[in-house]
Amino acid sequence: MNFVKALAESPDLNSVPSIYNYSTNSNEPLASDPQESIPTIDFSLLNSTDADLRSQEIQELDKACKEWGFFQVINHGVPEALMKMVIEKSYEFFNMTDEEKKDFEEKDVLDPIRYGTSFNFKKDIVLYWRDFLKVIVHPEFNCPNKPLGFSEVLFEYSQRTREVARGLLNGISLSLGLDQSYAEKALEFESGLQIFVVNLYPPCPQPELAIGMPPHSDHGLFTLLINNGVAGLQIKHKGKWVNVNETLPNSFLVNTADQLEIFSNGKYRSVEHRAVVNNAVTRISVVVANGPALETVVRPAYKLVDEEMCPVAYVPMKYKEYLEMQQGNQIVGKTCLQRIQV
């Protein structure tokens, strides 16, 4: 497995090797800055004792999920120092020697710790300009035993973000017109899959030719993202690509994912996004993917289904099977989800 970090650091690299030459759809325009600001959800209001404030924020969450599938979360209770430390420790992992990292190289999509490159190195026809570390942190906690202190930081971060995910899921349950705990129980969130992912996008000599990650949607319920302050994320909004540049300090970027689209019977659609690269600085994004329990059969919530007005739009499928289908193939837009649409 040839890692991008080592390639990017080679002194004689002036052009992108042909295997990384990703040609975008010529009919698809480049991304532009959004005409409207990305929605912001105040997490503290989702748990407010003031019923009116809480109800108002639930409505804002509903609107953000319906219109964008993407929003910022503020006042979430995760310490800023912890968020910075998790980025720091992640960077330390990638700066270890190849020999030290070798133990963690990926073999299977459900390995508890996977260090890899591109998306699916064995199947990608064109390679993507990223290295990654993926760690399953729930229902069982895993972590590389290096660098020093990584495990403690990751354990606290995974627990804290899990509570944010639980709060968002309860809010989403209400915004869908269900009982607060309905989604949490139906999706068996208590034993749900939580994956910690670090994406490393080194500087690229020809960023217009390569791509960090191609357009795709995420496989879980929703994803929480932070980064090291370097732009590169683009999302599809109203059919057009828009840049996600400036975000509020100490906020999480959250995007809706495939299992939430299935559970909501298409009311909340998973958002397509991609990662572009630059020729100057390394970008790091730290992602926490939150999903149902692996053995849960995910189907549209029965209260959201009406045979005449709103029939079932997705075939029920075990989350583990969906995950293996998406992670075990090439990643192309929302093709996995399209396979199970009725």
### Query
What distance do I58 atom CD1 and L174 atom CG have between them, rounded to the nearest 0.5 Å?
5.0 Å
### Message
Taking transitive links into account, so neighbours of neighbours count too, which hydrophobic residues share a cluster with V281 at under 4.5 Å side-chain distance?
### Response
V230
### Query
Does the gap between the ring centers of F93 and Y115 come in under 6.0 Å?
yes
### Message
Can you confirm whether M96 is buried at CE, in the sense that more than 12 heavy atoms of other residues, nucleotides or ligands lie under 6.0 Å from that atom?
### Response
yes
### Message
Applying ring pair (Phe, Tyr, Trp, His ring centres under 6.0 Å) as the test, list every pair that has at least one member in residues 31-84; sequence neighbours left out.
### Response
W68-H237, H76-F252
### Distance under 6.0 Å and angle within 45° of ring axis: R162 vs F189
yes
### Inter- and intrachain pairs under side chain to side chain donor-acceptor pair (under 3.5 Å), touching residues 48-58, at least two apart
R54-Q180
### Message
Please tell me whether I19 and V277 are part of a single hydrophobic cluster in this structure, the criterion being side-chain heavy atoms less than 4.5 Å apart.
### Response
yes
### Reported CG-to-CZ distance for the pair L200 and F3, which is rounded to 0.5 angstrom
11.0 Å
### salt bridge (Lys or Arg N to Asp or Glu O under 4.0 Å) involving K303 - partner list, sequence neighbours excluded
none
### Summary
So the side chain to side chain donor-acceptor pair (under 3.5 Å) pairs with at least one residue in residues 277-295 (sequence neighbours excluded) are N199-S285, E295-K318
### Message
Keeping S173 on the side-chain end and D179 on the backbone end, is there a donor-acceptor pair under 3.5 Å?
### Response
yes
### Message
Contact between D218 and S270 at the side-chain level, heavy atoms closer than 4.5 Å - yes or no?
### Response
no
### Query
Can you check whether I38 reaches V244 side chain to side chain, under 4.5 Å on heavy atoms?
yes
### Message
Is any side-chain heavy atom of N227 closer than 4.5 Å to one of I87?
### Response
no
### Message
Run L209 and Y22 through side-chain contact (heavy atoms from CB on, under 4.5 Å) and show every step you take.
### Response
CA-CA 6 Å; L209 296 183; Y22 175 87; over 6 Å; no
#### Entry: Ring geometry between Y182 and F263 (parallel below 30°, tilted from 30 to 60°, perpendicular above 60°)
tilted
### Message
With a 3.5 Å distance limit and no angle check, can you tell me whether N142 reaches the backbone of I136 through a side-chain donor-acceptor pair?
### Response
yes
### Query
Are M325 and V297 connected in the hydrophobic side-chain network, where two residues link if heavy atoms are under 4.5 Å apart?
no
## Note on the structure
Note: H216 and P214 closest approach over all heavy atoms is ND1-O, 2.8 Å
### Task
Go through the structure and list residues passing ring-ring contact (aromatic ring centres under 6.0 Å, His included) with Y91, not counting sequence neighbours.
none
### Message
Please evaluate residues L193 and L323 with respect to the criterion side-chain contact (heavy atoms from CB on, under 4.5 Å), reporting the C-alpha separation (whole Å), side-chain torsions for both, the decisive distance (0.1 Å), and the verdict.
### Response
CA-CA 11 Å; L193 186 70; L323 177 68; 3.7 Å; yes
#### Entry: Steps toward side-chain hydrogen bond (donor to acceptor under 3.5 Å, both in side chains) verdict (E188, T296)
CA-CA 7 Å; E188 299 178 279; T296 302; 2.6 Å; yes
### Task
Please check if L154 and M85 belong to a single hydrophobic cluster, counting links between Ile, Leu, Val, Met, Phe, Trp and Tyr side chain heavy atoms closer than 4.5 Å.
yes
### Task
Using atom types as modelled and distance alone, determine if a side-chain donor or acceptor of T117 lies under 3.5 Å from a backbone N or O of R130.
yes
#### Entry: SB check K267 D62 (cutoff 4.0 Å)
yes
### Message
When you compare the side chain of Y322 with that of Q259, does any pair of heavy atoms fall below 4.5 Å?
### Response
yes
#### Entry: Short side-chain to backbone donor-acceptor contact, Q341 and A313, under 3.5 Å
no
### V254 side chain near T223 side chain, heavy-atom distance below 4.5 Å
no
### Task
Answer yes if V153 and V135 sit in the same cluster of Ile, Leu, Val, Met, Phe, Trp and Tyr residues linked by side chain heavy atoms under 4.5 Å apart, and no otherwise.
yes
#### Entry: For the student: nearest non-hydrogen atoms of L13 and A8, plus distance
CD2-CA, 3.9 Å
#### Entry: For E99, all residues meeting side chain to side chain contact (heavy atoms under 4.5 Å, CB included), sequence neighbours excluded
T97, K102
### Task
Mark yes or no for whether H273, through its side chain, and S217, through its backbone, hold a donor-acceptor pair below 3.5 Å.
no
### Query
Taking it one step at a time, do I41 and Q72 satisfy side-chain contact (heavy atoms from CB on, under 4.5 Å)?
CA-CA 6 Å; I41 299 300; Q72 300 178 83; over 6 Å; no
### Query
Do R269 and T256 have side-chain heavy atoms sitting under 4.5 Å apart?
no
### Remaining members of hydrophobic cluster (4.5 Å side-chain criterion), L45
L53
### Task
Just jot down the ring-ring contact (aromatic ring centres under 6.0 Å, His included) partners of H138, sequence neighbours excluded, or say none.
none
### Query
Which value, rounded to the nearest 0.5 Å, describes the distance between K66 atom NZ and L176 atom CG?
9.0 Å
### Basic-acidic side-chain contact under 4.0 Å: E92, K146
no
### Query
Which is it for R166 and E190 under the salt bridge (charged side-chain N to carboxylate O under 4.0 Å, His left out) test, yes or no, and what are the steps along the way?
CA-CA 9 Å; R166 189 191 304 277; E190 193 56 47; 3.1 Å; yes
### Task
Return the minimal non-hydrogen interatomic distance between N265 and L304, and the atom names on each side.
ND2-O, 3.8 Å
### Message
Restricting to side chain to side chain contact (heavy atoms under 4.5 Å, CB included), what partner residues turn up for D306, sequence neighbours left out?
### Response
E308, M309, C310
### Query
Are V276 and L233 in one and the same hydrophobic cluster, where Ile, Leu, Val, Met, Phe, Trp and Tyr link if side-chain heavy atoms are under 4.5 Å apart?
no
### Query
Regarding K101 and the six-membered ring of F104, is the cationic atom NZ or CZ under 6.0 Å from the ring centre and inside 45° of its axis?
no
### Query
Atom NZ in K5, atom CG in D98: separation rounded to 0.5 Å?
8.0 Å
### Task
Name all residues meeting the ring-ring contact (aromatic ring centres under 6.0 Å, His included) criterion together with F94; count only those two or more places apart in sequence or in a different chain, and write none if there are none.
none
### Message
Is any side-chain heavy atom of L82 closer than 4.5 Å to one of V78?
### Response
yes
### Query
Under a 4.5 Å cut-off applied to non-hydrogen side-chain atoms, are N2 and L7 in contact?
no
### Query
With under 30° as parallel and over 60° as perpendicular, where do the rings of F155 and F141 fit, or are they tilted in between?
perpendicular
### Query
Between atom CD of Q234 and atom CG of N245, what is the distance when rounded to the nearest 0.5 Å?
8.5 Å
### Message
Salt bridge or not between E88 and K84? Use side-chain N to carboxylate O under 4.0 Å.
### Response
no
### Query
Could you walk me through whether N21 and V126 pass the side-chain contact (heavy atoms from CB on, under 4.5 Å) check?
CA-CA 7 Å; N21 201 329; V126 172; 5.8 Å; no
### Query
Rounded to the nearest 0.5 Å, how far apart are OG1 of T247 and CD1 of I226?
10.0 Å
### Query
Sub-3.5 Å donor-acceptor pair from the side chain of W241 to the main-chain atoms of S32, do we have one?
no
### Sequence neighbours excluded - ring pair (Phe, Tyr, Trp, His ring centres under 6.0 Å) pairs with any residue from residues 293-317
none
